[in-house]
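Have a look at the structure below, then the notes.
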Protein chains: 2
Amino acid sequence: MHHSELVTVLKERREALGITQAHLAELSDVSLRTLKALEVGKGNPTLETIAKLIEVLGMELKLEIKAPQHDKQ
Amino acid sequence: MHHSELVTVLKERREALGITQAHLAELSDVSLRTLKALEVGKGNPTLETIAKLIEVLGMELKLEIKAPQHDKQ
DNA sequence: GTAAAAAGTGCAACATAATGCTCTTTTAGT
DNA sequence: ACTAAAAGAGCATTATGTTGCACTTTTTAC
């Protein structure tokens with residue numbers, strides 16, 4: 001999962017939960033300015049910023065050994 | 001997966017591949033200073049730094065909806 | 001079509017991640 | 001034990017992520 005893909009997933013999850021950027025920003029203690037920039041693919045968020053957001057979004061990061069090409073779907 | 005856990009996985013993967021910090025730093029275009037700090041849990045790496053490292057380590061990030069407690073093993 | 005809410009942008013200040021250099025400590029091999 | 005390689009730490013500099021404020025644009029609801 002690359003940067004743009006991660007951004008898309010975060011945004012879609014927020015929308016699926018039906019919460020605004022402002023609300024997510026407040027719940028996650030990430031500034032609204034930072035969240036807005038992040039969702040349009042600006043910048044290079046820190047692990048902490050991502051962690052705060054996904055915690056509120058009920059998500060989790062996993063780090064795995066990449067599957068060989070022929071195993072991909 | 002939280003910060004310390006991610007750090008542990010990265011370090012163990014590097015060691016499993018039998019490459020030094022210096023070598024990984026060179027291959028991933030992350031400075032040795034940054035890699036060293038990261039592996040001892042100092043700081044708050046950016047997504048780009050993590051992405052560079054896991055690319056070389058043959059790993060990938062996944063972002064998933066958190067499984068309910070009773071589904072965890 | 002209008003109004004309100006939500007989303008996106010520009011700018012500047014502040015905080016801190018990334019980096020290079022040098023040095024110390026730890027680990028691995030003989 | 002000795003040596004060399006690898007890992008970790010302190011410091012200063014540079015680059016950039018985070019934030020708040022004010023404003024514009026887009027979307028949503030009536």
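FYI, side chains are in, hydrogens and waters are out, and symmetry mates aren't considered; it's all heavy atoms of this structure. Throughout, protein chains are lettered first and strands after them, A, B, ... in sequence-line order, and every chain is numbered starting at 1.
Atom CG of A/L24 and atom P of C/dG8 are 13 Å apart (whole Å). When rounded to the nearest whole Å, the span between CG of A/L47 and P of C/dA17 equals 11 Å. Residue A/H23 contributes atom NE2, which lies 15 Å from atom C1' of C/dA5 at whole-angstrom precision. Per the geometry, CD belonging to A/E48 stands 12 Å off C1' belonging to C/dA15, to the nearest Å. When rounded to the nearest whole Å, the span between NZ of A/K52 and C1' of D/dT19 equals 11 Å. The separation between A/I19 atom CD1 and C/dA5 atom P is 18 Å, rounded to whole Å. Atom CG in B/L35 sits roughly 13 Å away from atom P in C/dG20 (whole-Å rounding). Between the C1' atom of D/dG8 and the CD atom of B/E15 lies a distance of 14 Å, rounded to the nearest Å.
Counting atom types as modelled, A/R33 pairs no side-chain N or O with a base atom of C/dG8 as donor and acceptor under 3.5 Å.
Proximity of B/T49 to the phosphate of C/dA18: a side-chain N or O atom is located under 4.0 Å from OP1 or OP2. Taking 4.0 angstrom as the limit, B/T46 places none of its side-chain polar atoms (N or O) nearer than this to OP1 or OP2 of C/dA17. Applying the 4.0 Å criterion to OP1 and OP2 of C/dT9, one finds that A/K42 has a side-chain N or O inside that range. An OP1 or OP2 oxygen of C/dA5 is reached within less than 4.0 angstrom by no side-chain nitrogen or oxygen of A/T20. Between A/K11 and C/dG8, a side-chain N or O to OP1/OP2 separation shorter than 4.0 Å is present. The side chain of B/R14 places no N or O atom within less than 4.0 Å of a non-bridging phosphate oxygen (OP1 or OP2) of D/dA6.
Considering B/E60, B/E64, B/M1 in turn, B/E64 is the only one that fulfils the side chain to side chain contact (heavy atoms under 4.5 Å, CB included) rule with A/K62.
When distances are taken from the side chain of B/V40 to each of D/dA9, C/dG8, C/dT19, the shortest belongs to D/dA9. Proximity note for A/S31 (side chain, C-beta onward) versus D/dT19, D/dG17, C/dA18: the nearest is D/dT19. Which of D/dT19, C/dT19, C/dT9 sits closest to the side chain of A/K36 comes down to C/dT9.
In this structure, the side chains of A/L63 and B/R13 stay at 4.5 Å or more apart for every pair of heavy atoms.
Under the 4.5 Å side-chain heavy-atom criterion for grouping Ile, Leu, Val, Met, Phe, Trp and Tyr, B/I65 is connected to A/L24 within one hydrophobic cluster. Both A/M59 and A/V56 are part of a single hydrophobic cluster, where members link through side-chain heavy atoms under 4.5 Å apart.
Within a 6.0 Å radius of CD in A/E39, other residues, nucleotides and ligands contribute more than 12 heavy atoms.
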